[in-house]
> 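Sharing a structure, written as structure tokens. Questions coming.
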Amino acid sequence: MAHEQDSASSRHDDEEVYDFSALQKKWLPIWDELQPFSTSNPDDERPRKYVLDMFPYPSGDLHMGHAEVYALGDVVARYWRQQGFNVMHPIGWDSFGLPAENAAIKRGIDPRGWTYDNIAQQKKSMRLYAASFDWEREIHTSDPEYYKWNQWLFLELYKAGLAYRKESWVNWDPVDQTVLANEQVLADGTSERSGAMVVKKRLTQWYFKITDYADRLLDDLDQLEGHWPSKVLQMQRNWIGRSIGADVEFEIEGREERVPVFTTRPDTLWGATFMVVAPDAALASELVEGTSPEVQQRFADYLTEVGHSSEIERQATDRPKTGVFLERYAINPVNGERLPIWAADYVLADYGHGAVMAVPAHDQRDLDFARTFDLPVRVVLDVPNTNEDGASNDPSETGVALAGDGTLINSGPLDGLRKAEAVPRAIEILEAEGRGRATKNYRLRDWLISRQRYWGTPIPIIHGEDGTEHPVPVEQLPVLLPDAAGLDLKPKGTSPLGGAADWVNVPNPVDGTPAKRDADTMDTFVDSSWYFLRFLNPNDDSQAFDPKEAEKWAPVDQYVGGVEHAILHLLYARFITKVLHDLGYLKFTEPFKALLNQGMVILDGAKMSKSKGNIVFFTEEVDKHGVDAVRLTMAFAGPPEDDIDWAEVSPVGSAKFLARAWRVANDVTSEPGVDPATGDTALRRVTHRFLADAPGLTEAFKFNVVVARLMELVNATRKTIDSGAGAADPAVREAAETTALALNLFAPYLAEEMWEKLGFEPSVALVQWRTADESLLVAESVTAIVQVNGKVRDRLEVSPQITDAELEALALASDAVQKAIGEGEIVKVIVRAPKLVNIAIRS
RNA sequence: GCCCCUAUAGCCCAAUCGGUAGAGGCAGACGACUUAAAAUCGUCCGAGUCAGGGUUCGAGUCCCUGUGGGGGUACCA
């Protein structure tokens, strides 16, 4: 094998061989010298574009997912540069986080060293990959110069009343020994990081009050319509989960305070037959006090049982309903009925008020519960029976709640109203009596930002002995992380920072008495919630970002990244942007004007993973095929949002195409500047159609189509060289130059080499796209089809300027058409000159 | 369960406003070059658009129903 390769390369030791490795070695230092992607010139008068790729978490080397996102993001960045824009395309490192800490614990080393070593390695790969980043703006979120501003941001939220501490049930990851945000718990109840089954734990933690922004986060999604993938918009809408309804206040026998419940169906209030409270809500424990010892015991047992059930059991939807009767009664405010109160875990403590009015006839969950415990079911909405066999649709018989629309019955003043009329009427009645009001509820919960881990941003709060909270004064920021040496980083359920005695024990800023620093660190999603602003002035040590620069560059014009961040990161960044807007730092309210999601790179239909051993390694692919071929493959594989199965695409094919393009450029014999107008018209038409179409296709993210069209152009050029006008034809040069310009988006090394070979100075990345010559876009003749009753019967070569009348006459004169019409009677003739005639006949 | 996306050649994918189903690639066949092979160049082969119904002069494209695949969500009252 090796022998054969040697002989092959010695035989073709001339410049026509496409040697990607030599190109990579040649151009990287030249670009370093030229700095074509710098955005540091303040006098640059070109219009600006901010193109941002989601920054990577530095673990190990780059992987194929990185290869995809940075290939596609770079197409966009390079495209806008060609279109005359001053494009800011920065990159940095999301370098705080658990993997570094876990790796450090495993190896007994410092997370800092591990992280920065990884960054060094990945940066090398990233530079080789030739994405057009402005490296002068590189940031690391784990640098004190960065996380200082996380702390500043925290204090801004704190001052605004948007950061607060509360005790509550939290998601606890028993493997990583830390709390998780709701957003970090997967649908199956496991941690998105460790994969461990998440358990509930009661802790006092810091929260950001994102729920205050729920309406705006939801409503402002409308502005992004058409610019963000509709899937992401929908996921965000579902996540926020706004429900419109009403609070209804129930008197409780033997209790002073009323109990409010939230319902989206106030129209069914007359159908309530019992009340259910969440067993883990404070209300349940309160209600059970003073009841019989048996009930108290049953409740205590039930609470224990609920606490022990795993997340999986809790989430099984077909799980039988469980609960205990508390032997207490609520009074229905509209009809005075006594409603028995039950505790059951199908009611959630942290949604609404942790209690519901149960209307079994019209709510499936309530019906399931009622049937399990033999509670009454009362229909209050007459819903038309759609059972075909005429069987009853009575929920107590069928077990199916009547969820549809209908007319109110058994509902006093609402009787006879439609559902849509009854809802507002019921709210009016409640409001008039002071027993309720229209209200909204959200699925979204506040953002839990405390983490009991080391490798993150310290929370800049000092706790006095008396329990008071004191923010660290801004001028004392950053609160530096203590040295990891000597600290026990092993997960033990409390923050490792608490073990750094010198660090944690500080005087109370108010009176100098002993106090302690908050020992938790922030969720790393805080770091990434505003990083796009830090790129604007990454070295400014006087402020987090410069609002003037923000006005120039932000918001981000095009954001590129994986759909895995569709909810978490994007929601947090949107929230923080709105907060900074409200605090007067920003003029805009949405951080990312447009979003492009790329799919995943998979293998043989399966997600790549270490455990499955089906990993394609970035470095191996780049070594084997070259950067350009890997990048081109990413663009050509299909629409960006589709997954790329690496087993189904062909970097070999991409490399072949690049070699083919390279040979075409090599064959050009005409001099730079030769007038293309004298060249072969057929090839020029292909070139100019490409020049005309490529920009629109690129802006629509149809990169695969642009590449296909480019292949077509190269094929046409080859044909002209070999069997047409020949290599000296000026149209061949024009086509080759166009190819180099287009390849700049997908294969920057080869593009640069071709550009040089064609007699120009680097860098091709700074050369403007050419406008197509309109006269070459109009074909000399077009094929018009003639249909009879929709079937193609003839084709006519006609002028593109032909009129409807002329074309119709020509079509009717056709023998083939006349034959098809036969004896039939012409009913209608549709003419779409110059492309089509359709003759409708009746036979 | 609910919500959303999707289905075009053996495979990956194209197809502006509804107007000739094919741009491109992979795989395959044949030929040229070569002592031969690789590389290269050339030629060719290839679906009637998941199924059924509807709207229309005309449907891959719009509407309805179903099936397959993918994703989100999970007792949110």
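In what follows, chains are A, B, ... by sequence order, proteins preceding strands, each numbered from 1.
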> Partner lookup for B:A51, please. Criteria are Watson-Crick or G-U wobble with both distances under 3.5 angstrom; report none if nothing qualifies.
B:U65
> Considering only nitrogen or oxygen atoms on both sides, find all protein atoms under 3.5 Å from nucleotides 24-33 of chain B and state each distance.
| from | atom 1 | to | atom 2 | distance (Å) |
| --- | --- | --- | --- | --- |
| B:G25 | OP1 | A:Asn715 | ND2 | 3.4 |

> Please determine, for B:C30, whether a Watson-Crick or G-U wobble partner exists with both distances under 3.5 Å, and give it or none.
B:G42
> So A:Phe369 and A:Phe373, would you call those rings parallel, tilted or perpendicular, with 30° and 60° as cut-offs?
tilted
> Who is the Watson-Crick or G-U wobble partner of B:A9, with both distances under 3.5 Å?
none
> Are any of A:Lys719's side-chain N or O atoms less than 4.0 Å away from OP1 or OP2 of B:U43?
yes
> Salt-bridge test for A:Lys607 and A:Asp643: reply yes if a basic N is under 4.0 Å from a carboxylate O, no otherwise.
no
> Any salt bridge linking A:Lys321 with A:Asp345? Criterion: basic side-chain nitrogen under 4.0 Å from a carboxylate oxygen.
no
> How do A:Gly354 and A:Thr783 order along RNA chain B: which one's closest nucleotide is nearer the 5' end?
A:Thr783
> Answer with base, sugar-phosphate or nothing: what part of the nucleic acid does A:Val347 contact at a heavy-atom distance below 4.0 Å?
base
> Quick one: is A:Lys702 getting a side-chain N or O under 4.0 Å of the B:A15 phosphate, OP1 or OP2?
yes
> Could you list all N or O pairs between the protein and nucleotides 3-10 of chain B that sit under 3.5 Å apart?
| from | atom 1 | to | atom 2 | distance (Å) |
| --- | --- | --- | --- | --- |
| B:C3 | O2' | A:Gln234 | NE2 | 2.8 |
| B:C4 | O4' | A:Gln234 | OE1 | 3.3 |
| B:C4 | O4' | A:Gln234 | NE2 | 3.2 |
| B:C4 | O2' | A:Gln234 | OE1 | 3.2 |

> Just compare B:C57, B:A23, B:C13 and give me whichever is closest to any side-chain atom of A:Asn838.
B:C57
> Under 3.5 Å, is there any donor-acceptor pair linking the side chain of A:Gln364 to the base of B:G1?
no
> May I ask you to say what A:Lys791 touches in the nucleic acid, namely base, sugar-phosphate or nothing, with a heavy-atom cut-off under 4.0 Å?
nothing
> Starting from P on B:C41, measure out to CZ on A:Phe657 and report it in whole angstrom.
12 Å
> For B:G1, which nucleotide is its Watson-Crick or G-U wobble mate, given both distances must be under 3.5 Å?
B:U73
> Please check if atom NZ in A:Lys419 has more than 12 non-hydrogen atoms from other residues, nucleotides or ligands closer than 6.0 Å.
yes
